[in-house]
Amino acid sequence: MKDSKMLNKEEETKELLPRIQVHYKQLSKGQKRLADYVCENYDKAVFLTAAKLGEIVGVSESTVVRFATQLGYKGYPGFQKALEELVRNKLNSIQRMEVTYGRITQSQILETVLQSDIEKIKLTLAEIDQTVFDEAIDTILRAKHIYVIGIRSCAPLATFLNFYLNLICENVVLVNTTGSTEIFEQLIRIGEDDVIIGISFPRYSMRTLKALEFASNRKAKVITLTDSIHSPITLYSSCNLIARSDMASIVDSLVAPLSVINALIVALCMKRQKEVVGTLETLEDIWGEYQVYSGDELNRVTDRISSNLTETEGKNNE
């Protein structure tokens, strides 16, 4: 008869995070630190030995092994297989809810979510490659046509980026993603002088992946904004912008990716100051003529443009 704590080969590679949630109260202090780290950094933990994981968290290697056993795995190798499966398939919506609701109370939600977002921005700042960021800027500025694609929860990020790119560059296309065949029809003319910016975070979209594969086969430049160099969409990109994301119940926390997009927009504006100011001045006249904004809103827009221009000129004179 099987030991009830031991899982068969199929079981031991599934449902790691819900399993941690079930056992969490029975874990020791050191094991709880391990649980917290694994839940927040499973994409990193999957590559760590038991000794290295213990070193990062501040516990002994034997504590790591006991932690794996406490969860019901056949030692650390079985635990690692579960991690690999988790990273491969990421999390479904039900698992996200189970993990979140099992770890925090109603009164902790606001502080927990905001602190998590702050931490993800800090980690992104510490890890993002400035050289890659600069390369992305130059690639966008050199492109004849710019395509932007983001699906499902990433669609608002793509729309936001597209809105501001249209103020800075010509020939910007937000790829409509209502149907997979329509994506290829919109990309039919993409070529080696063009660039596509693909945005995808767990759970990764196959339609985004296929669009980037299509663009890469057409020799277009590919820029990705995703959460890890191990993200599948990086297969077709030589310019990978990495921004940390997180889960909050069924909600994808995309604060850090949005900050990276903001930085891209500001950097592009710095490179094309005169063109952007000319575009905005024209838009100001149009907004006023067609009463797009109320008077107060229009004044705030004007003040912001003037302020940004003055600040930029000051930096250039330093």
Side-chain angles (χ1 to χ4, degrees), residues 7 12-91 95-96 98-100 102-104 108 111-130 132 201-204 226-232 234 240-248 252-257 259-260:
L7 309 174
E12 71 179 0
T13 59
K14 292 184 179 180
E15 302 182 347
L16 172 60
L17 296 189
R19 184 170 294 277
I20 289 176
Q21 182 254 312
V22 168
H23 291 273
Y24 192 82
K25 290 182 180 179
Q26 287 75 45
L27 299 177
S28 66
K29 289 184 179 179
Q31 290 173 343
K32 284 181 178 177
R33 292 207 301 273
L34 283 166
D36 292 338
Y37 180 84
V38 169
C39 287
E40 295 172 6
N41 302 279
Y42 48 81
D43 56 338
K44 287 186 176 181
V46 69
F47 301 106
L48 302 177
T49 63
K52 187 62 178 178
L53 178 57
E55 178 184 340
I56 291 173
V57 177
V59 299
S60 66
E61 182 177 354
S62 60
T63 299
V64 177
V65 175
R66 285 195 297 272
F67 168 67
T69 304
Q70 180 78 9
L71 295 179
Y73 296 107
K74 296 176 182 178
Y76 193 73
F79 173 74
Q80 269 197 318
K81 287 181 181 179
L83 268 175
E84 290 169 0
E85 190 72 15
L86 170 63
V87 171
R88 188 178 299 114
N89 296 324
K90 291 299 179 182
L91 303 174
Q95 288 173 320
R96 293 177 184 222
E98 288 176 344
V99 172
T100 301
R103 298 287 303 283
I104 60 176
Q108 295 173 315
E111 180 180 357
T112 300
V113 172
L114 267 62
Q115 287 293 345
S116 177
D117 283 342
I118 291 169
E119 182 64 22
K120 293 301 172 287
I121 291 177
K122 287 181 178 179
L123 289 171
T124 298
L125 179 60
E127 297 171 0
I128 197 166
D129 191 326
Q130 180 68 49
V132 173
F201 288 83
R203 300 161 70 189
Y204 306 109
T226 189
D227 67 317
S228 168
I229 58 172
H230 304 290
S231 166
T234 63
N240 304 310
L241 296 170
I242 306 301
R244 298 295 291 269
S245 66
D246 201 357
M247 63 172 187
D252 294 317
S253 177
L254 299 174
V255 172
S259 290
V260 173

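For the single chain, residues carry numbers from 1 onward in sequence order. All values below were derived from every heavy atom in this structure, side-chain atoms included, with hydrogens, water molecules and symmetry-related copies excluded.
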(message) Using a 6.0 Å cut-off, check whether atom CD of Q26 has over 12 heavy atoms from anything other than its own residue.
(response) yes

(message) Checking K120 against V255 for the side chain to side chain contact (heavy atoms under 4.5 Å, CB included) test, could you report, in this order, the C-alpha distance in whole Å, the side-chain angles of both residues, the deciding distance, and whether it holds?
(response) CA-CA 8 Å; K120 293 301 172 287; V255 172; over 6 Å; no

At what distance, to the nearest 0.5 angstrom, does [atom1] of [X] lie from [atom2] of [Y]?
X: I242; Y: D129; atom1: CD1; atom2: CG; value: 9.5 Å
X: D227; Y: L123; atom1: CG; atom2: CG; value: 12.5 Å
X: L34; Y: L53; atom1: CG; atom2: CG; value: 5.5 Å

(message) My understanding is that only residues two or more places apart in sequence, or in another chain, count here; which of them pass side chain to side chain donor-acceptor pair (under 3.5 Å) with T234?
(response) none

(request) Under the side chain to side chain donor-acceptor pair (under 3.5 Å) rule, collect the residues that match up with T49, sequence neighbours excluded. (result)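 If we apply the side chain to side chain donor-acceptor pair (under 3.5 Å) test to T49, skipping adjacent residues, there are no hits.
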
For [X], enumerate each residue passing the salt bridge (Lys or Arg N to Asp or Glu O under 4.0 Å) test, keeping only those at least two apart in sequence or located in another chain.
X: K122; value: none
X: E55; value: K52
X: E127; value: K44, R244

(request) Apply side chain to side chain contact (heavy atoms under 4.5 Å, CB included) to L16 and V38, showing your working. (result) CA-CA 10 Å; L16 172 60; V38 169; 4.3 Å; yes

(message) Checking T63 against R66: is there a side-chain donor and acceptor pair closer than 3.5 Å?
(response) yes

(message) Taking L48's backbone N and O only, do any of them form a donor-acceptor pair with Q80's side chain (distance below 3.5 Å, no angle check)?
(response)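 Between the backbone of L48 and the side chain of Q80 there is a qualifying donor-acceptor contact (under 3.5 Å).
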
Write down the atom of [X], the atom of [Y], and the distance for their closest heavy-atom approach.
X: R19; Y: L71; result: CD-O, 2.9 Å
X: P257; Y: F201; result: CG-CZ, 3.3 Å
X: A256; Y: T124; result: CB-OG1, 3.4 Å
X: F79; Y: A68; result: CB-CB, 3.7 Å
X: V64; Y: A50; result: CG2-O, 3.5 Å

(request) Not counting sequence neighbours, which residues clear side-chain contact (heavy atoms from CB on, under 4.5 Å) with S28? List them please. (result)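 Per chain and number, S28 pairs via side-chain contact (heavy atoms from CB on, under 4.5 Å) with Q31.
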
(message) Contact between Y37 and V59 at the side-chain level, heavy atoms closer than 4.5 Å - yes or no?
(response)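 No, every pair of side-chain atoms sits at 4.5 Å or beyond.
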
(request) Please tell me if the side chains of Y204 and T226 come closer than 4.5 Å, counting only heavy atoms from C-beta onward. (result) yes

(request) Start with the C-alpha distance between I20 and C39, add both sets of side-chain angles, then the distance that settles side chain to side chain contact (heavy atoms under 4.5 Å, CB included), and finish with yes or no. (result) CA-CA 8 Å; I20 289 176; C39 287; 4.1 Å; yes

